[in-house]
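Following: one structure in structure tokens, then a few remarks.
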Amino acid sequence: MRPDTPAENVDHNAEAARLERTADRYPEDAEALLVQAAAHLELAGDRPAASSLYDRLLATQDGLENPFLVRALKAANLWEYGHEAEARAIIEGVRAAAPRDPAPWVIVAEALESHDELEQAQETFTQGARVLLTDVAEPPYSTHPLLFGRHRVRRMLGLAHDEWDTLADTLHTSPVSLDELHDPKRVWSLGSDNPAELEAEISRLRAELGTFREALSRPFPVAVLHWPASELSELLAAYPSLESEYPSHEEHLATIEESLRELSSSGTPNLGIVSGTVPSYEAFAASEGMSPAEVSLLPQYATTLAARGRAVEWPPQRGTACWCGSGRVYGECHGE
């Protein structure tokens with residue numbers, strides 16, 4: 001499905017079936033593909049079938065990259081078709097696990113919010129912020145929805161601003177402030193015959209639409225390609241001409257960190273790292289009709305992996321393992 005296909009022209013059941021077939025052909029990308037398929041089934045109104053796909057993924061949980069994301073999506077879906085008790089149990093499980101990925105926090109908190117559980121939603125957003133943002137100088141791009149959602153729910157509850165609400169205001173770039181967008185007393189002026197109210201509401205809607213478009217314009221990170229040591233050795237043995245690009249594995253790792261820091265200092269948000277494998281790279285080269293020895297193919301391969309959901313966020317969250325695979329905490333490895 002093209003990203004610019006109008007929603008009303010999408011056959012969601014057919015798209016879900018296509019994604020399932022693709023997942024069977026490319027098992028390494030099955031997680032991302034089946035999550036998308038489940039989303040189409042939800043949009044088609046077939047929520048039980050979507051739950052079945054989430055169950056299919058969770059049955060192979062040991063191989064999942066984002067098991068808590070799948071659990072969160074399953075909980076939100078279950079609640080929408082009457083399985084409240086099971087959904088609540090899953091949500092509590094996600095919260096207890098305290099995942100280091102902001103997406104599960106946002107999904108379960110918004111599920112609570114959509115069912116008028118505002119106090120619980122606020123507590124969930126806040127818990128996620130504590131886990132991910134305590135002692136973090138600059139919140140990663142992926143955590144912005146967590147802060148914005150927390151601001152929205154606290155505004156509806158009439159709570160006074162705190163430091164994280166102020167931070168959310170700072171990160172929000174729309175010309176209409178978060179306080180105005182999240183005002184619980186905001187009049188739905190499209191039903192008004194007052195031109196001034198109508199114009200003000202249109203401005204708010206344009207600002208919200210601009211924020212959504214900005215988020216959708218960056219569906220995956222700006223990703224740098226990483227070769228694990230064994231894969232790099234195999235790559236250079238097969239394609240010696242790439243040695244000019246990768247003089248040594250240590251230099252390769254240092255170059256990745258340096259490149260990402262330069263991108264970050266230049267203001268580029270939403271950065272990530274993708275890890276390559278030689279078979280995957282060779283298959284990609286064949287699909288492009290190019291030789292794997294072509295240096296120009298490497299960034300294209302990185303972008304393709306990121307588009308498939310293979311990127312990990314950079315810099316890693318505080319206290320998590322370094323991206324290089326050393327097993328050491330990032331702050332004591334390449335984050336020094």
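Hydrogens, waters and symmetry mates are skipped; everything else that's a heavy atom, side chains included, is used.
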Discussion item. Looking at every non-hydrogen atom in both residues, tell me the closest pair between E42 and L73 and how far apart they are.
Written reply: OE2-O, 4.3 Å
Discussion item. Using modelled atom types and a 3.5 Å cut-off, is there a donor and acceptor pairing between side-chain atoms of T170 and backbone atoms of T166?
Written reply: yes
Discussion item. With rounding to the nearest 0.5 angstrom, report the CD to CG distance, E294 to L242.
Written reply: 9.0 Å
Worksheet item: Does the side chain of E245 come within less than 4.5 Å of H252's, by heavy atoms?
Response: no
Fill in: Sidechain-backbone polar pair: D46 side chain, L41 backbone, donor-acceptor under 3.5 Å
no
Worksheet entry | H151 side chain near L167 side chain, heavy-atom distance below 4.5 Å | no
Worksheet item: How many angstroms lie between atom NZ of K74 and atom CG of L53, to the nearest 0.5 angstrom?
Response: 12.0 Å
Fill in: Side chains of Y330 and W323, donor plus acceptor under 3.5 Å
no
Item to complete: Please report the C-alpha distance between T126 and Q122 in whole Å, then the side-chain angles of each, then the deciding distance to 0.1 Å, and finally whether the side-chain hydrogen bond (donor to acceptor under 3.5 Å, both in side chains) criterion is met.
Response: CA-CA 6 Å; T126 300; Q122 193 273 148; 2.9 Å; yes
Worksheet item: Are side-chain heavy atoms of H334 and E258 found at a separation under 4.5 Å?
Response: no
Worksheet entry | Close side-chain approach of D162 and R154, heavy atoms under 4.5 Å | yes
Discussion item. Is there a path of hydrophobic side-chain contacts, each under 4.5 Å between heavy atoms, that joins W164 and L157?
Written reply: yes
Discussion item. Hydrophobic cluster membership, with links at side-chain heavy-atom distances under 4.5 Å among I/L/V/M/F/W/Y: are V70 and L43 in one?
Written reply: no
Item to complete: Mind listing the closest non-hydrogen atom pair of T143 and P140 along with its distance?
Response: OG1-O, 2.6 Å
Item to complete: Please test V222 against L260 for side chain to side chain contact (heavy atoms under 4.5 Å, CB included), starting from the C-alpha separation and ending with a verdict.
Response: CA-CA 9 Å; V222 175; L260 288 165; over 6 Å; no
Worksheet item: Can a salt bridge be assigned to the pair E92 and R88 using a cut-off of 4.0 Å between side-chain N and carboxylate O?
Response: no
Worksheet entry | Rounded distance [0.5 Å steps], CG in L57 versus CG in L34 | 5.0 Å
Worksheet item: Are any non-hydrogen side-chain atoms of S51 and L78 less than 4.5 angstrom apart?
Response: yes
Worksheet item: Heavy-atom distance under 4.5 Å between the side chains of C333 and C324, does that happen here?
Response: yes
Worksheet item: From D29 CG over to L19 CG, what is the distance, rounded to the nearest 0.5 angstrom?
Response: 11.5 Å
Discussion item. Has Q300 got a side-chain atom pairing as donor or acceptor with S296's backbone, closer than 3.5 angstrom?
Written reply: yes
Worksheet item: Are the charged groups of R18 and E15 less than 4.0 angstrom apart, N to O?
Response: yes
Worksheet item: Taking atom types as modelled, is there a side-chain donor on E234 or Y239 under 3.5 Å from an acceptor on the other?
Response: no
Worksheet item: Does the pair L271 and R261 meet the rule for a side chain to side chain contact (heavy atoms under 4.5 Å, CB included), with working shown?
Response: CA-CA 10 Å; L271 299 171; R261 293 190 182 195; over 6 Å; no
Worksheet item: Does a side-chain heavy-atom distance below 4.5 Å link S280 with L305?
Response: yes
Practice prompt. Give the cluster check for L69 versus L112: same hydrophobic cluster or not, with ILVMFWY residues linked at side-chain heavy-atom distances below 4.5 Å.
Written response: no
Worksheet entry | Pair T255, Y246: side-chain N/O donor-acceptor within cut-off below 3.5 Å | no
Worksheet item: Are the side chain of S287 and the backbone N or O of F284 linked by a donor-acceptor pair below 3.5 Å?
Response: yes
Item to complete: Mark yes or no for whether H249, through its side chain, and W227, through its backbone, hold a donor-acceptor pair below 3.5 Å.
Response: yes
Practice prompt. Tell me yes or no: between the side chains of H161 and D169, is some donor less than 3.5 Å from an acceptor?
Written response: yes
Discussion item. Would you say T124 and Q120 are linked by a side-chain donor-acceptor pair, where the criterion is simply a distance under 3.5 Å?
Written reply: no
Practice prompt. With rounding to the nearest 0.5 Å, note down the distance linking CZ in R150 to CG in L178.
Written response: 12.5 Å
Discussion item. Would you say E231 and T277 are linked by a side-chain donor-acceptor pair, where the criterion is simply a distance under 3.5 Å?
Written reply: no
Item to complete: Describe, in one word, how the ring planes of H172 and F148 are oriented to each other, choosing from parallel (under 30°), tilted (30 to 60°) and perpendicular (over 60°).
Response: perpendicular
Worksheet item: Between P102 and S142, which heavy-atom pair has the shortest distance, and what is it?
Response: CG-O, 3.3 Å
Practice prompt. Could you tell me how the ring of Y141 sits relative to the ring of H144: parallel (under 30°), tilted (30 to 60°) or perpendicular (over 60°)?
Written response: tilted
Discussion item. Show the nearest heavy-atom pair for residues E31 and E65, with the distance to one decimal.
Written reply: OE1-N, 2.7 Å
Discussion item. I'd like to know if the side chain of W79 pairs up with that of E86 as donor and acceptor (distance under 3.5 Å, no hydrogens or angles considered).
Written reply: no
Practice prompt. May I ask you to say whether E20 pairs ionically with R56, meaning some side-chain N is under 4.0 Å from a carboxylate O?
Written response: yes
Practice prompt. Would you check if the side chain of T268 reaches a backbone N or O of S264 as a donor-acceptor pair within less than 3.5 Å?
Written response: no
Discussion item. Please determine whether side chain to side chain contact (heavy atoms under 4.5 Å, CB included) holds for the pair E113 and R152, giving the CA-CA distance in whole Å, both sets of side-chain angles, and the decisive distance to 0.1 Å.
Written reply: CA-CA 10 Å; E113 178 188 355; R152 179 180 62 248; 2.7 Å; yes
Worksheet item: Are R155 and D165 within salt-bridge range, i.e. N to O under 4.0 Å?
Response: no
Item to complete: Could I get the full list of side chain to side chain contact (heavy atoms under 4.5 Å, CB included) partners for V94, not counting sequence neighbours?
Response: R71, I90, P99, P104, V108
Worksheet entry | All ring-ring contact (aromatic ring centres under 6.0 Å, His included) counterparts of F125, not counting sequence neighbours | none
Worksheet item: Are V295 and L235 in one and the same hydrophobic cluster, where Ile, Leu, Val, Met, Phe, Trp and Tyr link if side-chain heavy atoms are under 4.5 Å apart?
Response: yes
Worksheet item: Got a donor-acceptor contact below 3.5 angstrom from the T134 side chain to the V131 backbone?
Response: no
Worksheet entry | Contact summary for A302 and A223, nearest pair of heavy atoms | CB-O, 4.0 Å
Worksheet entry | Point-to-point distance, once rounded to the nearest 0.5 Å, from CD1 of I256 to NE2 of H226 | 5.5 Å
Fill in: Closest approach of R95 to W105 (non-hydrogen atoms, all atoms of both residues)
O-CH2, 3.8 Å
Discussion item. If you apply the rule side chain to side chain contact (heavy atoms under 4.5 Å, CB included), what do you find for F68 with D101, and how did you get there?
Written reply: CA-CA 8 Å; F68 296 112; D101 176 11; over 6 Å; no
Practice prompt. Say whether L298 and W314 are linked into one hydrophobic cluster, either directly or through other cluster members, by side-chain heavy-atom distances under 4.5 angstrom.
Written response: no
Practice prompt. May I ask you to test the T303-V274 pair for a side-chain heavy-atom distance under 4.5 Å?
Written response: no
